Amino acid sequence: MENNVLRQTFLIIAGLLSISQQAYAQNERWFEVEVYLFERSNGQSQEQAPAQVSFQNPKRMVDLISPLFSTNITGASLGLDACSAHDWATKADECNQQLSSSAQMNHPSQIPWSIAAPSTQYGVPGGAPVLLANSQNQFKDIISKLSRERGTKSLLHMTWQQAMQPRRRAKPVRIFSGKDYSSRFELNGQSTLSQTTQSDVPEFDFLGGSFGVVEHKAVWKLDGTINIYLDHYLYVETALNLREEGTKTLDVMRDNTRYNSSEVNLSTPFLYSFPMKQNRRVRSDEVHYFDHPRMGMILQIRKMQQPIDRLNTQILE
């Protein structure tokens, strides 16, 4: 008797939670976001670059790019399955945690500027942002026109669908592309060539019988976040860094004699960072341009129909 009462109570609670989740999903406002970033050359001195902008903890971000290019070496060795497109749409937090907690991640040294899913994708009610395929993009003519302008170079182009949240609940979308400079430079721009330490030498794990590998943190040419949230109006908040290789002049005091010293100018390799940190209110369906001395960003947030649960629809059919 007691077991039946507990079972009925559990079923009632589960039903209420299901109704609550369905009601929340129905109240979501979904949009399609397309963004194109391009680099442009100008005469600005590298040494006039301000400090790079920092962004939030990776666990708080939505990463749509890593699943396409990164390989979880640890997971592969343990026989773990990688997150599928449906997993990223339904349990993004778990997939993000798996990526960020892995001790051994492998990624290519170059990420292409065009980022797209291999096939047509759709958002799901109550789900996370979903990366779309090339066939779902709409910036073809815009990109073609800008590419013909002298001194411009494509940095990143991608489109995704997401449900808009208030700022306190919104999760920024992580973006990165271009060359990985981590073999030569640190995140702060300093050269690694003269900073070889014992930590660079693999250590043998006597218990596991293998060489330990230190986590390799990439330093991408373009790196940062785009946070889009809803507060009566749509807002776009950028925290981006564009990195450029160059040299930095250092003033060093050198002793010529026991009683005399002189100042010497030395040049050293340095990776400069040019930040784009903006927060702007935008209108849906309009094409917006974000200006910057070193780069430009074209962005459009398009209204879309409420996603449907295509998986359950196919099962019913």
Side-chain angles (χ1 to χ4, degrees), residues 28-39 61-70 83-90 92 95-96 111-147 152-165 170-178 220-230 234-240 242 276 278 280 282-290 292 295-308 310:
E28 287 181 329
R29 295 182 61 183
W30 278 73
F31 291 85
E32 196 167 276
V33 181
E34 186 164 4
V35 61
Y36 172 67
L37 286 117
F38 59 94
E39 182 181 10
M61 303 174 193
V62 176
D63 188 348
L64 301 174
I65 301 177
S66 289
L68 294 178
F69 301 101
S70 296
C83 286
S84 65
H86 181 70
D87 292 333
W88 278 95
T90 56
C95 294
N96 271 319
I111 298 292
W113 65 268
S114 181
I115 308 293
S119 60
T120 303
Q121 302 293 322
Y122 302 96
V124 296
V130 177
L131 180 68
L132 303 187
N134 277 322
S135 59
Q136 296 171 280
N137 297 333
Q138 298 184 18
F139 276 7
K140 182 179 179 179
D141 293 339
I142 293 176
I143 295 174
S144 178
K145 182 178 179 180
L146 287 172
S147 299
T152 62
K153 184 179 180 180
S154 297
L155 289 172
L156 180 135
H157 177 220
M158 59 187 291
T159 307
W160 67 89
Q161 293 179 355
Q162 71 172 93
M164 294 302 170
Q165 305 285 352
K171 290 187 177 182
V173 173
R174 169 84 188 282
I175 65 170
F176 56 93
S177 67
W220 299 109
K221 179 176 181 62
L222 177 69
D223 194 3
T225 61
I226 297 178
N227 188 27
I228 305 175
Y229 60 92
L230 191 62
L234 286 168
Y235 288 86
V236 177
E237 190 174 36
T238 64
L240 305 171
L242 175 64
M276 175 191 276
Q278 299 185 22
R280 185 191 300 182
V282 298
R283 294 178 180 272
S284 60
D285 297 324
E286 293 184 0
V287 177
H288 296 272
Y289 174 63
F290 291 70
H292 184 273
M295 57 181 159
M297 184 175 81
I298 309 294
L299 180 138
Q300 186 181 33
I301 304 174
R302 300 184 283 265
K303 295 177 182 176
M304 56 173 285
Q305 294 182 346
Q306 177 74 13
I308 60 174
R310 298 176 184 273

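Numbers here are sequence positions counted from 1. The shown structure was predicted, so the numbers you read here are calculated from the model rather than taken from an experiment.
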So, using side-chain contact (heavy atoms from CB on, under 4.5 Å) as the criterion, who are the partners of S135 when residues are at least two apart?
T120, A133

Does T238 reach the main-chain N or O of Q278 with its side chain, forming a donor-acceptor pair under 3.5 Å?
yes

According to side chain to side chain donor-acceptor pair (under 3.5 Å), who are the partners of R302, at least two apart in sequence or on a separate chain?
E32, E34, Q300

Just one of I175, L155, D223 clears the side chain to side chain contact (heavy atoms under 4.5 Å, CB included) bar with L240, so which one?
I175

CG/L37 to CG/L222 distance, rounded to the nearest 0.5 angstrom?
5.5 Å

Shortest non-hydrogen separation from A170 to N227 and the atoms involved
CB-OD1, 3.6 Å

CZ of F139 to OG1 of T159: how many Å apart, nearest 0.5 Å?
7.0 Å

Whether the side chain of S284 engages the backbone of K303 through a donor-acceptor N/O pair (distance < 3.5 Å, no angle test) should be reported.
no

With sequence neighbours left out, the residues meeting side chain to side chain donor-acceptor pair (under 3.5 Å) with Y235 are none

Going by the rule side-chain contact (heavy atoms from CB on, under 4.5 Å), which residues pair with E286 if we only count those two or more places apart in sequence or in a different chain?
R283, H288

Could you walk me through whether F31 and L234 satisfy the side chain to side chain contact (heavy atoms under 4.5 Å, CB included) test, starting with their C-alpha distance in whole Å, then the side-chain angles of each, then the deciding distance to 0.1 Å, before giving a yes or no?
CA-CA 10 Å; F31 291 85; L234 286 168; 4.1 Å; yes

From CE (M164) to CH2 (W30), nearest 0.5 Å
9.5 Å

Please name the residue in the list V173, L64, V130 that meets the side chain to side chain contact (heavy atoms under 4.5 Å, CB included) test with Q162.
V173

Test applied, side chain to side chain contact (heavy atoms under 4.5 Å, CB included); reference residue, F176; option that passes from T225, L156, I111:
I111

Quick one: closest heavy-atom pair of G126 and E28, and the distance?
N-OE1, 3.0 Å

Distance in Å, F290 CZ paired with M276 CE, rounded so as to fall on 0.5 Å steps:
8.0 Å

Taking the side chain as C-beta and beyond, is there a heavy-atom pair between H292 and L242 under 4.5 Å?
no

Measure across S177 and P112 and return the closest heavy-atom pair with its distance rounded to 0.1 Å.
CB-O, 4.0 Å

For R280 and Y289, which heavy atoms make the closest approach, and how far apart are they?
NH1-O, 2.9 Å

Give, for atom OG of S154 and atom OH of Y36, the distance between the pair rounded to the nearest 0.5 Å.
2.5 Å

Partners of S119 by side-chain contact (heavy atoms from CB on, under 4.5 Å), sequence neighbours excluded?
Q121

To the nearest 0.5 Å, what is the distance between CD1 on I142 and CD1 on I298?
6.5 Å

Would you please name every residue forming a side-chain contact (heavy atoms from CB on, under 4.5 Å) with S114, sequence neighbours left out?
N134

At their closest point, which heavy atom of G123 faces which heavy atom of P307, and how far apart are they?
O-CB, 3.3 Å

